[in-house]
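The next block holds one structure in the form of structure tokens; read it before the comments.
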Protein chains: 2
Amino acid sequence: MTDIAADPPSSARPLRGTTQNILEMVRTRLADLRKSERKVADLVLADPRRILNATIAETAEIAAVSQPTVIRFCVAVGCEGFQDFRLRLAHSLALGTPATHSVLLATDPPQAVLEKIFDYTITSLDWARHHMDKEALGQAILLLENATAIEFFGFGASGIVARDAQQKFPLFGVPCGAQLDSHQQVMAASMLRPGNVAVVISNTGRTRSILDVAQTARESGAKVIGITGSDSPLVAHCDVAIIAETLDNTNIYTPTISRIAALVVIDILSTAVALRRTDEHFQRFEMMKKHLNELRFTEKE
Amino acid sequence: MTDIAADPPSSARPLRGTTQNILEMVRTRLADLRKSERKVADLVLADPRRILNATIAETAEIAAVSQPTVIRFCVAVGCEGFQDFRLRLAHSLALGTPATHSVLLATDPPQAVLEKIFDYTITSLDWARHHMDKEALGQAILLLENATAIEFFGFGASGIVARDAQQKFPLFGVPCGAQLDSHQQVMAASMLRPGNVAVVISNTGRTRSILDVAQTARESGAKVIGITGSDSPLVAHCDVAIIAETLDNTNIYTPTISRIAALVVIDILSTAVALRRTDEHFQRFEMMKKHLNELRFTEKE
DNA sequence: AGCAACTGTGTAATTATACTACATATCGAC
DNA sequence: GTCGATATGTAGTATAATTACACAGTTGCT
């Protein structure tokens with residue numbers, strides 16, 4: 001199609017979605033960049049905030065390249081131009097520097113630990129938000145809405161989530177249980193009946209006993225909702241699987257963030273179910289609000 | 001000073017810090033704006049994303065005002081100009097629309113509930129991050145670093161946090177306990193000894209029995225760290241108080257978000273303590289990492 | 001090794017965009 | 001109703017982003 005050779009060697013670059021963190025993008029594209037463009041990239045990665053408030057001329061100056069090179073760099077990392085690049089950079093910086101850039105060091109002062117963990121948590125939540133399966137979520141809400149009782153299952157960090165979900169029973173509007181011990185879990189799963197819903201929470205989805213629980217619950221006639229990470233074998237045992245993907249699954253903080261993402265999923269499910277019920281049972285909703293407020297002021301279970 | 005009258009009636013406007021969410025800013029300043037500027041403000045609040053990708057000319061066109069008015073609007077809400085405004089808008093939109101703008105409606109489809117809850121969670125976390133008392137955090141880390149044992153206390157949603165913290169004991173590196181029942185709490189608090197640290201978690205900080213626990217722990221000679229919301233009476237009973245402020249304290253979701261903010265605080269504390277120990281006990285740190293990885297792959301407590 | 005083709009980078013011109021100075025309209029008070 | 005003051009728009013200017021083009025450095029082929 002184009003027979004001009006020089007400027008755009010961008011024949012068929014598979015640029016990922018526009019929501020992608022631009023710093024991540026720069027980082028992954030680093031290898032494909034030309035020497036001069038790379039100077040710009042290095043500069044951006046080293047001190048993004050500086051570039052954010054700079055013009056093309058300044059950026060070119062600092063990076064010791066020409067102005068068009070700066071623009072070419074912007075295009076190379078998937079932006080429309082410099083303006084667009086700055087906007088995306090602002091977007092990314094708002095969320096914080098992704099964890100892949102800033103690894104915690106033993107020498108970090110508390111201040112740095114604070115920044116990095118907040119950065120990581122917020123970035124990951126943003127990621128989880130954009131990668132959440134809306135379809136599955138809707139189905140899960142439908143199941144929970146029609147449940148006669150709900151049972152939550154989880155171990156370790158996910159056990160925390162299960163218990164938290166159970167505490168939201170005023171929102172779900174039906175009896176809720178949370179089993180954290182594997183024996184109790186099997187027993188509870190066996191006792192489930194059609195109309196009941198089991199919510200199985202596991203980041204890896206690989207724990208043997210949690211898979212058993214999901215299967216048992218299903219055999220008992222209950223519907224099974226799974227909240228888990230990507231590539232999870234748990235999915236096979238669920239009627240609906242909500243994948244709460246985390247930014248970087250190999251990272252040491254994965255359990256930390258997956259836990260928080262799962263909590264947000266619970267918030268969404270409980271709130272959505274409560275809102276749905278409103279149409280039919282407005283009184284119930286009001287009561288729930290009252291309960292929540294009581295919880296706020298006295299904070300007693 | 002300036003005797004020109006027309007353009008800048010901005011004699012001495014007390015503009016808040018630059019980190020402030022620009023949408024919040026626009027909203028609070030709405031009353032002070034001139035009629036035409038207000039048209040722009042309404043437009044921005046109604047469809048911020050549209051403005052983000054528009055030029056001054058387009059914005060002026062849509063709002064049916066002149067181009068300088070758009071710039072005047074930008075200055076009026078505390079920006080340097082249109083460029084700066086766009087950058088800040090990008091920043092704010094990255095975090096999501098703050099909850100004050102988007103209240104959940106009974107008619108919201110699941111998709112909307114998802115967006116709003118993620119928005120609210122992320123915005124609030126950002127808020128909490130910028131309002132966190134770094135000083136207090138540093139002191140808390142110091143106390144935990146030198147603790148011989150740590151005991152976590154909390155009720156309801158905060159009880160979840162306490163238990164989560166206890167599960168991070170490999171990071172803290174000393175025996176950790178979590179008491180969720182008020183009788184057990186008093187007993188545990190009484191049994192604390194000098195060198196021990198009590199972490200008392202309560203969003204409102206007004207629950208009677210949790211205040212008693214803090215006091216008892218202190219009388220037993222233990223140091224007390226509080227994780228609580230603003231205006232909390234709990235602060236008086238603590239050696240160090242970490243205020244995890246939430247965006248909007250009167251909102252119905254306050255317990256929801258304060259819970260997550262508190263979890264992030266726990267993450268920061270545990271990680272910082274673990275990192276500190278590294279200098280002296282590198283082996284311990286390695287072991288901790290191994291433990292965490294085990295946790296990841298089998299997810300068993 | 002030497003020529004050719006191509007990729008990479010910078011210079012200079014162009015265009016678009018944000019911003020400023022000025023003029024006119026609108027509002028409110030006496 | 002007129003005057004003063006504030007608010008808004010028009011027209012022009014400066015600046016920043018973008019494009020077209022030309023040169024330099026690399027790589028491949030005979």
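All figures in this text were calculated on a predicted structure; none of them were measured in a lab. Within every chain, numbering begins at 1; the chains are lettered A, B, ... in the order of the sequence lines, protein sequences first and strands thereafter.
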Report the residue from Ile51(B), Ile71(B), Val44(B) that forms a side chain to side chain contact (heavy atoms under 4.5 Å, CB included) with Thr59(B).
-> Ile51(B)
Which of these passes side chain to side chain contact (heavy atoms under 4.5 Å, CB included) with Leu95(A): Asp119(A), Asp126(A), Leu23(A)?
->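 One option only clears the test, and that one is Asp126(A).
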Atom [atom1] of [X] to atom [atom2] of [N]: distance rounded to whole Å?
X	N	atom1	atom2	answer
Ile71(A)	dT17(C)	CD1	P	13 Å
Gln83(B)	dA14(D)	CD	P	18 Å
Arg86(A)	dT18(D)	CZ	C1'	15 Å
Leu33(A)	dG8(C)	CG	P	11 Å
Asp32(A)	dT7(C)	CG	P	15 Å
Lys39(B)	dA7(D)	NZ	P	15 Å
Glu80(B)	dT15(D)	CD	C1'	16 Å
Arg72(B)	dT8(D)	CZ	P	8 Å

With respect to the phosphate group of dA17(D), does any side-chain polar atom (N or O) of Thr55(A) fall under 4.0 Å of OP1 or OP2?
->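 Result: yes.
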Within less than 4.0 Å of OP1 or OP2 of dG8(C), is there a side-chain N or O belonging to Thr69(A)?
-> no
If you check the [X] side chain, which of [options] turns out closest?
X	options	value
Phe82(A)	dT20(C), dG10(C), dT18(D)	dT18(D)
Arg34(B)	dT8(D), dA18(C), dT11(C)	dT8(D)
Lys35(B)	dT8(D), dC19(C), dT10(D)	dT8(D)

Look at all strands and tell whether Ile56(B) reaches a base, only sugar-phosphate, or nothing, counting heavy atoms closer than 4.0 Å.
-> sugar-phosphate
For the side chain of Ser270(A) and the backbone of Asp267(A), is there at least one donor-acceptor N/O pair under 3.5 Å apart?
-> yes
Identify, between Gln67(B) and Gly81(A), the residue whose nearest nucleotide on DNA chain D lies closer to the 5' end.
-> Gln67(B)
salt_bridge(Arg88(B), Asp84(B)) N-O dist < 4.0 Å |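 Salt bridge between Arg88(B) and Asp84(B), a charged N being under 4.0 Å from a carboxylate O: yes.
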When rounded to the nearest 0.5 angstrom, what is the spacing between CD in Gln139(A) and CG in Asp133(A)?
-> 8.0 Å
